[in-house]
J.: 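Input: one structure, supplied below.
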Amino acid sequence: MKIKIQEWIIEADIAKLQAAMEAGVVSSEDLVVAYLERIHKYDIDINAILEINPEAKDIARVLDIERREQGSRGSLHGIPILLKDNIDTADEMHTSAGSIALAGSFAAKDSFVAAKLRSAGAVLLGKANMSEWSNFMSSSMPAGYSSRGGLVLNPYGPGSVFVSGSSSGPAAAIAANLAAASIGTETAGSIVGPACQHALVGIKPTVGLVSRTGVIPISVSQDTPGPIAKTVTDAAIILGALTGVDDKDEATISSEKHAFTDYTPFLDKSFIRQARIGIPRHYYNHLDAERLSIMEAAIQTLKNEGATIIDPVTLYVEQQNWNNDVICYEFKKGLNAYLSQVDDSVPIHSLQELIAYNELHAEIALQYGQDTLTRSEEVTLTEEEYQQKKQEYRKLALEQGIDYVLEQYSLDALLLPGDVDGIYIAARLGYPLITVPAGYVEQGIIDADGDPTRGPFGVVFSGKAYSEPTLLSIAYGFEQATQHRVPPQLE
């Protein structure tokens, strides 16, 4: 059987790729070559890839031999996956968080995430561009910009359709079928936001379900890596490969009794018939007519599939602002710890040195300033003050937020619009989110020729800590009932 692989890999899911490799129709090396050809052809227009793993083809070739001689390791054997550029890999790829200051930095060890992917047989294809320092550098910097890589553009409308959050490169790349899937990271909206804007599935796991060791940090309370994929099934497969207790990340200890290494058994579309889903209307008030119409259609779909909809429900922390001191304190402490361990050849080893480096190289490093970095360096909280503010920061969210409303109405999940506004309560608590494509909008989106461009919009399902199985069941049921994803036209 001969296939035109460049056409065949478009929208191919992990199961399809695995079946073809098992049948000997294609090899992992074939897949790597095909994705690299697509990157060479299309990434010039979207700028999603920072660098390619020079060892990718060799790794794929070795995995192909292993498959023939010993059999497959599992669902990710030979599957090409991209990593966000803040995730350490101990190879010939740099890890820079998009910063020109770390452009020459090689990690000494794999991150926990990279090691888990390698163990599962995945091919780490390359590093994806991102918002520099995960968008914690400047209040005026646009989403998707980095001094090292430039601006990521959305393949559904380069320059006109919003890319959202800091995992913009991992999302744009998968939307354009430049790899099978990718790994992003989220502090507040940086997985679900880009996934929503690129017609993708994104999972922001419960903090602690996936280790942050070897990930350039923002907030120890809120950071987590997670998968970005074209289907709920693919995202579930990857999530299972990433879980595990890590003695270097204390947060993972609590996941031991809650984590699964295989989330695919929870992909039961019939579950939606017993689901109770709440509609927090406060987070719908700002939506324009098109996006509100998409949300109403999503609610109707859930009803049609048998879900019980409770509309409206109220969360009592809706107006509470973030305490920036808490996040800035965690960023400064975490980044100083990370930078203190980078190689001596790297020009920065602390947040203070980073700020000085950027000032010295302002022409290339400070196109949008660094007021967020400066504010973080100036934070003067003591550890005691930090712990007190952190407790206050979470108090209402814990007592009158997600847990409160889910218990009050006996809900399985909340349904939120995919424009990030509604995710901050979940972020504050470290709770999971799953986003699924829900439709496309044209209002206010114009391409370079003055013609309307259809931009994706997604819905987000939110729940309690470690409720990933339930959220996956609901998301899968919604996805199977709607099938909204349509790839962008790149030709």
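Residues take their numbers from the sequence shown, with the count starting at 1. Remember, it's a predicted structure, so these values are computed and weren't measured experimentally.
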J.: With rounding to the nearest 0.5 Å, note down the distance linking OG1 in Thr372 to CZ in Phe136.
T.: 6.5 Å
J.: Can a side-chain donor-acceptor contact be found between Thr185 and Asp223 if the only test is distance below 3.5 angstrom?
T.: no
J.: Using the side chain to side chain donor-acceptor pair (under 3.5 Å) rule, collect all pairs that involve residues 201-218, keeping only residues at least two apart or in two chains.
T.: Thr206-Glu468, Ser211-Thr213, Ser211-Asp246, Arg212-Asp249, Thr213-Asp246
J.: Are side-chain heavy atoms of Ser105 and Asp343 found at a separation under 4.5 Å?
T.: no
J.: How many angstroms lie between CG in Leu354 and CD1 in Ile348, if you round to the nearest 0.5 Å?
T.: 4.5 Å
J.: Looking only at atom types and distance, does a side-chain atom of Ser473 sit under 3.5 Å from a main-chain N or O of Phe266, one as donor and one as acceptor?
T.: yes
J.: Side-chain contact, heavy-atom cut-off 4.5 Å: Ile9 with Arg38?
T.: yes
J.: Does the pair His94 and Leu102 meet the rule for a side-chain contact (heavy atoms from CB on, under 4.5 Å), with working shown?
T.: CA-CA 8 Å; His94 302 87; Leu102 288 183; over 6 Å; no
J.: Tell me which one of Ile238, Ile191, Leu82 satisfies side chain to side chain contact (heavy atoms under 4.5 Å, CB included) with Ile183.
T.: Ile238
J.: Is the backbone of Leu63 close enough, under 3.5 Å, to the side chain of His77 for a donor and an acceptor to pair up by distance?
T.: yes
J.: Please examine the side chains of Val342 and Phe106, heavy atoms only from C-beta on, and report whether any two atoms are closer than 4.5 Å.
T.: no
J.: Got a second to check how far Ile402's CD1 is from Leu433's CG, nearest 0.5 Å?
T.: 7.0 Å
J.: Is there any ring pair (Phe, Tyr, Trp, His ring centres under 6.0 Å) pair reaching into residues 12-52, and which pairs are they, with sequence neighbours excluded?
T.: none
J.: Could you tell me which non-hydrogen atom of Leu151 sits nearest to which non-hydrogen atom of Ala143, and how far apart they are?
T.: CD1-O, 3.5 Å
J.: Can you name the side chain to side chain contact (heavy atoms under 4.5 Å, CB included) partners of Thr233, sequence neighbours left out?
T.: Thr231, Ile237, Leu267, Tyr476
J.: What I'd like to find out is whether the side chain of Leu31 reaches to under 4.5 Å of the side chain of Leu17, using heavy atoms alone.
T.: yes
J.: Measure across Ala413 and Leu471 and return the closest heavy-atom pair with its distance rounded to 0.1 Å.
T.: CB-CD2, 3.7 Å
J.: Side chain of Asp371, backbone of Ser139: donor and acceptor closer than 3.5 Å?
T.: yes
J.: Would you indicate whether the side-chain heavy atoms of Thr224 and Leu209 approach each other to under 4.5 Å?
T.: no
J.: Would you indicate whether the side-chain heavy atoms of Leu117 and Leu124 approach each other to under 4.5 Å?
T.: yes
J.: Tell me, with the steps shown, if Tyr424 and Leu429 meet side-chain contact (heavy atoms from CB on, under 4.5 Å).
T.: CA-CA 9 Å; Tyr424 291 107; Leu429 295 170; over 6 Å; no
J.: To the nearest 0.5 Å, what is the distance between NE2 on His198 and OG on Ser167?
T.: 11.0 Å
J.: To the nearest 0.5 angstrom, please state how far the CZ atom of Arg428 sits from the OG1 atom of Thr187.
T.: 14.0 Å
J.: Using the side chain to side chain donor-acceptor pair (under 3.5 Å) criterion, which residues pair with Glu92? Sequence neighbours excluded.
T.: none
J.: Taking atom types as modelled, is there a side-chain donor on Ser376 or Lys332 under 3.5 Å from an acceptor on the other?
T.: no
J.: Main chain of Asp30, side chain of Ser27: is a donor-acceptor contact present, judged purely on distance under 3.5 Å?
T.: yes
J.: Between Phe478 and Val459, what is the shortest heavy-atom contact and its length?
T.: CE2-CG2, 3.8 Å
J.: Only counting residues at least two apart or in another chain, list the ones meeting side chain to side chain donor-acceptor pair (under 3.5 Å) with Glu256.
T.: none
J.: What do the steps show when you test Ser462 against Ile423 for side-chain contact (heavy atoms from CB on, under 4.5 Å), and what is the final call?
T.: CA-CA 8 Å; Ser462 172; Ile423 57 80; over 6 Å; no
J.: Could you state the interatomic distance from CG (Leu178) to CG (Leu125), rounded to the nearest 0.5 Å?
T.: 9.0 Å
J.: Looking only at atom types and distance, does a side-chain atom of Asn135 sit under 3.5 Å from a main-chain N or O of Ser166, one as donor and one as acceptor?
T.: no
J.: Excluding sequence neighbours, so at least two apart, what forms side chain to side chain donor-acceptor pair (under 3.5 Å) with Ser96?
T.: Asp85, Arg148
J.: Judged by atom type as modelled, is there a donor-acceptor pair below 3.5 Å linking the side chain of Ser182 to the main-chain atoms of Pro170?
T.: yes
J.: Check for a donor-acceptor pair, side chain of Asp45 on one end and backbone N or O of Pro155 on the other, with a separation under 3.5 Å.
T.: no
J.: Between Ser219 and Glu330, do the side chains contain a donor N or O and an acceptor N or O under 3.5 Å apart?
T.: yes
J.: Taking the six-membered ring for Trp, are Tyr145 and Tyr368 closer than 6.0 Å centroid to centroid?
T.: yes
J.: Which pair of heavy atoms, one from Gly150 and one from Asn47, lies closest together, and at what distance?
T.: C-ND2, 3.5 Å
J.: Salt bridge between Arg61 and Asp58, side-chain N to carboxylate O under 4.0 Å?
T.: yes
J.: Who pairs with Ile364 by side chain to side chain contact (heavy atoms under 4.5 Å, CB included), at least two apart in sequence or on another chain?
T.: Ile100, His361
J.: Taking Val192's backbone N and O only, do any of them form a donor-acceptor pair with Glu186's side chain (distance below 3.5 Å, no angle check)?
T.: yes
J.: Closer than 3.5 angstrom, by distance alone: can the side chain of Asn154 be matched with the main-chain N or O of Val163 as a donor-acceptor pair?
T.: no
J.: Which heavy atom of Ala128 sits nearest to which heavy atom of Gly169, and what is that distance?
T.: CB-C, 3.8 Å
J.: Counting N and O atoms only, with roles assigned by atom type, does the side chain of Thr95 sit under 3.5 Å from a partner on the main chain of Asn86, one being a donor and the other an acceptor?
T.: no
J.: May I have all residue pairs that pass salt bridge (Lys or Arg N to Asp or Glu O under 4.0 Å) and include part of residues 110-131, sequence neighbours excluded?
T.: Asp91-Arg118, Asp110-Arg118
J.: Evaluate the side-chain proximity of Asn358 to Met137: yes if any heavy-atom separation is below 4.5 Å, no if none is.
T.: yes
J.: Among all residues two or more places apart in sequence or in another chain, which pass the side chain to side chain contact (heavy atoms under 4.5 Å, CB included) test with Ala475?
T.: Val232, Ile434, Val436, Phe461
J.: Can you tell me if Ser350 and Asn336 form a side-chain donor-acceptor pair at under 3.5 Å?
T.: no
J.: Looking at every heavy atom in both Ala48 and Ala172, which two are closest together, and how far apart are they?
T.: CB-CB, 4.0 Å
J.: Mind checking what makes side chain to side chain donor-acceptor pair (under 3.5 Å) contact with Arg73, not counting sequence neighbours?
T.: Glu66
J.: Pair Ser255, Thr243 - check side-chain contact (heavy atoms from CB on, under 4.5 Å), show working.
T.: CA-CA 9 Å; Ser255 74; Thr243 63; over 6 Å; no
J.: Which residue pairs pass the side chain to side chain donor-acceptor pair (under 3.5 Å) test with at least one member in residues 10-22, sequence neighbours excluded?
T.: Glu11-Asn177, Glu11-Arg485, Gln18-Arg67, Glu22-Arg67
J.: Could I get the full list of side chain to side chain contact (heavy atoms under 4.5 Å, CB included) partners for Ala235, not counting sequence neighbours?
T.: Val201, Ile203, Pro227, Ala229
